[in-house]
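All remarks here apply to the structure that follows.
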There are 2 protein chains.
Amino acid sequence: MKATINDVAKLSGVSIKTVSRVMNNEPSVRQLTREKVQAAVKELNYQPNLAARNLAGTKSYTIAYVYDNPNAYYVIDMQEGILAACRQQGFELLINPCDSQQENITEDVINTIKQARVAGLVLTPPFSENPEFVKRITDLDIHVVRIMSGDTAPDELSPCVMVNDRDAAQTITQHLIDLGHNKIAFIAGGAEHMSTIERYKGYRRALKANNIEFNKNLLIEGEYSFESGVNGAKQLMSLDNAAEDRPSAIFSCNDEIAAGALFAARLMNISIPEQLSIAGFENSPFSRQTWPKLTTANQPNKEIAKNAASLLISQVRKQKNNNEISQYVPQLVVRDSTGQLS
Amino acid sequence: MKATINDVAKLSGVSIKTVSRVMNNEPSVRQLTREKVQAAVKELNYQPNLAARNLAGTKSYTIAYVYDNPNAYYVIDMQEGILAACRQQGFELLINPCDSQQENITEDVINTIKQARVAGLVLTPPFSENPEFVKRITDLDIHVVRIMSGDTAPDELSPCVMVNDRDAAQTITQHLIDLGHNKIAFIAGGAEHMSTIERYKGYRRALKANNIEFNKNLLIEGEYSFESGVNGAKQLMSLDNAAEDRPSAIFSCNDEIAAGALFAARLMNISIPEQLSIAGFENSPFSRQTWPKLTTANQPNKEIAKNAASLLISQVRKQKNNNEISQYVPQLVVRDSTGQLS
DNA sequence: ATAAGAATTGACAGCGCTGTCATTGTTTTG
DNA sequence: CAAAACAATGACAGCGCTGTCAATTCTTAT
């Protein structure tokens with residue numbers, strides 16, 4: 001029922017070794033031979049047996065996704081993207097959820113990837129932002145691709161797929177400015193996240209580009225939570241209007257914060273967007289479940305993850321891969337929570 | 001570095017075949033021998049090579065989680081539970097996200113599980129609620145364990161882990177009644193979900209047990225969405241109060257609906273819980289991100305999934321497994337969105 | 001045209017385990 | 001106590017593939 005390499009060899013009239021070569025994109029196979037084999041592969045719908053490959057070879061056909069992130073939507077998207085790349089390339093995916101705060105987490109992860117003979121790792125924050133952790137892994141000759149916030153890779157430890165939160169945040173802030181706002185507050189997420197830092201930088205850059213002076217009363221240091229949004233917005237909206245401090249727009253570091261801010265505004269009978277504009281970031285399902293729906297920035301996580309995983313697989317295979325995009329800029333999604341003052 | 005079966009055989013002074021027997025819990029091994037081997041296994045920290053097992057044996061050590069569910073929190077919890085069981089038992093997990101509405105989905109899934117030599121499937125709604133689908137799989141001698149809503153398995157196709165939404169819904173409704181409410185509305189989720197039906201039944205049963213007459217104006221047929229909660233609550237709260245139709249409590253079929261209802265109440269300047277109690281269901285992270293926080297019912301998804309997966313693995317191994325719980329009743333979590341009328 | 005060199009291909013062993021079946025050890029029974 | 005019955009163990013092949021290395025074919029330069 002299931003075709004083996006032997007069937008392919010017979011059908012195409014070559015040895016199994018040659019079939020193996022074709023399947024692994026090895027050089028030293030004549031073009032004609034290659035095509036014959038590929039035809040047979042197609043006809044028999046042959047797919048190499050992963051178990052046999054893993055057993056026989058010194059190479060590994062398994063990559064892992066090591067994560068620790070409370071945002072289920074993010075994780076699922078990443079995972080599905082990675083999975084798509086794996087399926088395409090005949091790789092296996094080991095999922096490894098874990099607690100990045102745990103004492104011996106690095107050793108634990110190393111153990112797991114040794115045990116399972118993992119060839120490479122896709123890392124997302126917070127792991128991707130921890131150079132010590134990354135170094136420990138790459139020192140073991142295990143390939144790594146990191147997905148992280150920024151515009152260029154921070155070091156040479158591994159290839160990175162960058163998410164340019166800064167530019168995106170600048171775009172969002174500019175959107176607010178274009179709407180006529182000049183008192184724009186920023187509710188930050190936890191400062192331990194690079195994404196917070198980057199988004200903040202983008203916000204500041206937009207202000208600067210438009211000659212709007214930064215007012216530190218309009219900066220709230222929060223964390224990535226609904227509650228933080230509620231408190232931040234409350235604090236902001238109780239600023240003295242006479243002193244011209246009270247903002248007419250709030251840029252929240254993510255959608256959850258924005259939802260909280262939205263909620264607080266509602267509590268204070270401030271109508272959105274007539275009296276106050278609120279923007280989020282992430283385009284999580286959350287942002288469509290608020291009322292009004294949130295203006296936000298969309299990052300195509302599935303696509304990012306798929307690309308990162310393909311990159312990783314090319315690395316593992318020692319093939320080059322030219323059509324990788326190494327920087328993504330989240331795109332502005334304008335919905336109903338931002339508008340001109342009226 | 002990594003111990004093989006050979007090392008264990010040498011250390012314990014038996015043949016590799018005997019070690020294999022011990023590792024697979026096969027009979028026909030003397031107790032003394034078994035212990036010797038187990039000691040060696042422990043000393044060498046030996047773990048059988050999955051690839052070799054899969055390649056050599058006719059048995060498979062892979063189970064799959066086939067899902068199609070928009071609720072990322074649910075999926076992640078399920079997946080992590082299944083993963084935990086797999087790790088414990090030395091199984092491999094194949095993750096298979098897919099679209100249950102797709103034309104040839106059944107064939108696709110069958111193809112995948114044949115290709116990967118999957119021994120068993122963990123199914124959650126909507127797949128677990130589709131008997132045709134389940135039958136197609138079990139006809140192939142592939143083991144299945146279903147997680148679904150109800151109190152007893154609907155058929156003999158496969159073992160089931162039941163989530164007794166009905167009893168839980170009754171408990172929630174009773175909680176509302178105990179608080180003094182007797183005009184309790186129900187905003188349903190999509191009727192194609194068993195969970196909706198079950199939760200509705202529990203609601204009706206609680207009414208009946210307390211001699212409260214069912215008022216069909218208080219039943220809103222919605223779907224599992226925020227918007228549905230908004231619309232449902234609006235409709236309910238505009239009911240004529242004079243006719244004594246307007247509810248003082250709303251039982252929403254899940255947290256998302258409840259969040260919508262909460263939001264609508266806020267829009268109408270109805271204070272929660274002073275003027276209206278709202279209960280959700282699911283205890284999703286969502287329910288802690290509303291204000292006030294939602295009273296809801298908690299289902300320990302991770303644990304349910306872990307149990308279901310262990311059950312599946314026992315089936316696959318043809319071992320019996322007595323300590324499985326086959327029914328879970330979600331527990332009432334009282335928070336701030338329900339209270340007495342004041 | 002021909003030898004040296006390079007490119008292509010194949011034979012064969014073996015990865016770590018399980019299935020089959022033969023062998024050895026231990027009980028039971030007449 | 002011998003024979004039959006059964007329990008415990010091991011020898012060996014082989015799962016489907018890859019790595020090594022030798023054999024073959026094709027180039028190229030002389």
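All chains are named by letter (A, B, ...) in the order of the sequence lines, taking the proteins before the strands, and each is independently numbered beginning at 1.
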**Prompt:** Under 4.0 Å between a Lys/Arg side-chain N and an Asp/Glu carboxylate O for A:K306 and A:E80?
**Reply:** no

**Complete:** Testing C:dC17, C:dC15, D:dG10 for proximity to the side chain of B:S15, the answer is D:dG10

**Closest nucleotide among C:dA11, D:dG16, D:dT9 to the B:S28 side chain** = D:dT9

**Prompt:** Does B:T4 make a side-chain N or O approach to OP1 or OP2 of C:dG16 shorter than 4.0 Å?
**Reply:** no

**Asked** Of B:T18 and B:G57, whose nearest nucleotide on DNA chain D comes first from the 5' end?
**Response** B:T18

**Touch class at under 4.0 angstrom, heavy-atom based, for B:P48 against every strand present** = sugar-phosphate

**Item:** Residue A:R53, side-chain heavy atoms: nucleotide from C:dT9, D:dC17, D:dA11 that is nearest
**Value:** D:dC17

**Prompt:** Closest to the B:A56 side chain: C:dG19, D:dC17, C:dC17?
**Reply:** C:dC17

**Message:** So if I apply the side chain to side chain contact (heavy atoms under 4.5 Å, CB included) rule between A:R146 and each of A:T124, A:D155, A:N130, which one comes out positive?
**Reply:** A:D155

**Asked** Rounded to the Å, how far apart are B:N25 CG and C:dC17 P?
**Response** 16 Å

**Asked** Roughly, in whole Å, what's the span from CE in A:M23 to P in D:dT18?
**Response** 8 Å

**Asked** Heavy atoms under 4.0 Å, any strand shown: does A:N24 hit a base, just sugar-phosphate, or nothing?
**Response** sugar-phosphate

**Asked** When you measure from the side chain of A:Y61, which nucleotide among D:dG10, C:dC17, D:dT18 comes out closest?
**Response** D:dT18

**Nucleotide nearest B:T33 (side chain, heavy atoms from C-beta), chosen from D:dC17, D:dA8, C:dT18** = D:dA8

**Asked** Under 3.5 Å, side chain of A:R21 to main-chain N/O of A:S28, donor-acceptor pair present?
**Response** no

**Request:** Using a cut-off of strictly less than 4.0 Å, decide whether B:S20 has a side-chain nitrogen or oxygen near OP1 or OP2 of C:dT18.
**Result:** yes

**Message:** If you assign B:N49 and B:R21 each to the DNA chain C nucleotide with the nearest heavy atom, which residue ends up on the more 5' nucleotide?
**Reply:** B:N49

**Asked** Roughly how far, to the nearest 0.5 Å, is the SG atom of A:C98 from the CG atom of A:D108?
**Response** 8.0 Å

